[in-house]
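The structure under discussion appears below in the form of structure tokens.
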There are 2 protein chains.
Amino acid sequence: MPKRRILPFIILGIVSNRPQITGREITAEFSTEIGDFWKASHSQIYPELRRMVDDQWLTTTTSPQNAKEKYYLITATGQEILDEWLGRAVDELPIHQDLFSLKLFFIKDPFDPRIRQLIATQTALLQQSLTHLRQRQRTVFPDDQAITRHYSHYLILARAISRTAGQLAWLKNVGDNLK
Amino acid sequence: MPKRRILPFIILGIVSNRPQITGREITAEFSTEIGDFWKASHSQIYPELRRMVDDQWLTTTTSPQNAKEKYYLITATGQEILDEWLGRAVDELPIHQDLFSLKLFFIKDPFDPRIRQLIATQTALLQQSLTHLRQRQRTVFPDDQAITRHYSHYLILARAISRTAGQLAWLKNVGDNLK
DNA sequence: GACTTTTATGTCGATAACGACATAAAATGG
DNA sequence: CCATTTTATGTCGTTATCGACATAAAAGTC
């Protein structure tokens with residue numbers, strides 16, 4: 001059996017929270033909200049949507065204004081499946097496919113200049129990511145009311161920020177020690 | 001084009017550091033040292049080893065004691081390719097395929113009991129992982145000399161510990177707030 | 001020394017992933 | 001209003017992944 005299927009459940013979650021969403025908008029979610037936790041391209045999403053309609057997890061209607069746009073809605077069956085999935089315990093930690101650590105691991109000489117280069121690049125990437133995350137936090141949660149209304153979303157965004165900031169601080173510490 | 005190929009480079013790194021390693025031992029590395037940063041099963045590794053021998057990245061010899069065991073060595077070509085790969089900049093952060101965050105994200109009600117259940121499970125997993133990592137740190141780096149000899153390895157292990165501890169602290173904080 | 005279990009390697013089938021390519025409707029622009 | 005560009009959806013080919021199955025040598029057992 002191949003890897004466990006996750007994508008259809010994520011799509012269920014997206015459609016459940018935003019009825020009448022289009023395929024294009026679902027794809028866009030993976031570049032913004034969901035993007036920090038999962039990636040998917042439109043060439044995965046469109047065939048998946050088709051399968052999910054076939055399986056009666058979703059229904060679809062065509063836009064009256066735009067003949068090629070399709071709106072998706074979750075069915076009762078789909079909602080059941082989503083609820084069951086959300087309630088199922090997560091039984092393993094995510095595997096970090098971390099090229100940075102991997103390359104560091106293979107460079108045995110502590111004075112190899114490539115170490116400092118790797119750290120510099122990684123620091124830049126993390127800094128960029130942190131800026132982006134903080135920007136989003138300001139945009140999505142401008143006040144306490146917004147936090148209360150989407151508390152879970154707030155939690156995971158705060159967690160991502162905390163994690164990224166932690167890694168940055170740690171990298172800085174290492175970089176300073178190498179000087 | 002499908003996803004970028006990483007596995008052969010990891011294998012190059014492993015064989016480079018441990019000449020005369022067997023396929024079984026390479027597989028074992030993914031359950032211990034490398035396991036925190038990459039996963040691969042033997043059914044990926046053996047065909048890959050074959051390809052790499054065909055491509056002259058590795059050479060292989062058969063054990064005199066055990067007819068079915070094969071020893072692998074990196075070739076000059078393989079070493080060049082490995083060095084080039086190690087020097088190449090990592091241009092993107094790892095995507096965290098994080099089911100925990102994903103499920104949280106889809107549960108909008110802050111009082112949904114599944115939130116606390118998710119947090120409890122995640123805490124247990126992280127705690128288990130942290131214990132394991134600290135155990136490894138004690139085993140692999142019993143003294144400063146060991147740290148100096150494999151400084152990079154020490155770095156990434158320390159980083160994993162720091163990250164895991166950070167996430168745990170953060171989860172505990174959230175859990176306390178929900179009470 | 002025949003039998004069973006374990007070890008090390010190898011193979012296969014189903015499907016996930018993803019970039020490249022394709023298409024037709026809608027929007028744009030002169 | 002015709003030509004061009006953009007948008008939204010869809011398709012395809014190649015490769016990655018991984019559990020299940022297979023096999024033959026080695027080790028263990030009585």
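Below, read A as the first sequence line, B as the second, and so on, with proteins coming before strands; counting in each chain starts at 1.
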Quiz item: At what distance, to the nearest 0.5 angstrom, does CG of Leu118(A) lie from OG1 of Thr123(A)?
Solution: 10.5 Å

Exercise. Without swapping roles, check the side chain of Thr75(A) against the backbone of Trp57(A) for a donor-acceptor pair under 3.5 Å.
Key: yes

Quiz item: By a strict heavy-atom criterion of less than 4.0 Å, which residues belonging to residues 22-36 of chain A are in contact with DNA chain D?
Solution: Thr22(A), Gly23(A), Arg24(A)

Self-check item: Whole angstrom value for the distance that separates C1' of dA16(D) from CH2 of Trp38(B)
Solution: 11 Å

Quiz item: How long is the line joining CD of Gln97(A) and P of dA16(C), in whole Å?
Solution: 17 Å

Quiz prompt | Pairwise distance CZ(Arg114(B)) to CZ(Arg88(A)) - rounded to 0.5 angstrom | solution = 12.0 Å

Quiz item: side chain to side chain contact (heavy atoms under 4.5 Å, CB included) between Tyr72(B) and Ile11(B): does it pass, once the steps are laid out?
Solution: CA-CA 10 Å; Tyr72(B) 290 93; Ile11(B) 294 179; over 6 Å; no

Exercise. Can you tell me the distance, in whole Å, between the NZ atom of Lys39(A) and the C1' atom of dA16(C)?
Key: 18 Å

Practice problem: Provide, to the nearest angstrom, the distance between the CD atom belonging to Glu69(B) and the P atom belonging to dA26(D). | Solution: 10 Å

Quiz item: What is the distance from CD of Gln20(A) to P of dA8(D), rounded to the nearest Å?
Solution: 16 Å

Quiz prompt | Polar side-chain atom of Thr27(B) near backbone of Gly23(B) as donor-acceptor pair, under 3.5 Å | solution = yes

Quiz item: Looking at Leu12(B), Val15(B), Thr59(B), which one forms a side chain to side chain contact (heavy atoms under 4.5 Å, CB included) with Met52(B)?
Solution: Leu12(B)

Quiz item: Is it true that Arg159(B) and Asp98(A) have a side-chain N and a carboxylate O under 4.0 angstrom from each other?
Solution: yes

Return the polar atom pairs (N/O with N/O) between nucleotides 10-12 of chain C and the protein under 3.5 Å, or none.
unit_1: dG10(C); atom_1: OP1; unit_2: Lys70(B); atom_2: NZ; d: 2.4
unit_1: dG10(C); atom_1: O6; unit_2: His42(B); atom_2: NE2; d: 2.8

Quiz item: Which value, rounded to the nearest 0.5 Å, describes the distance between Ile14(A) atom CD1 and Phe105(B) atom CZ?
Solution: 7.5 Å

Practice problem: Provide, to the nearest angstrom, the distance between the CZ atom belonging to Arg51(A) and the P atom belonging to dA14(C). | Solution: 15 Å

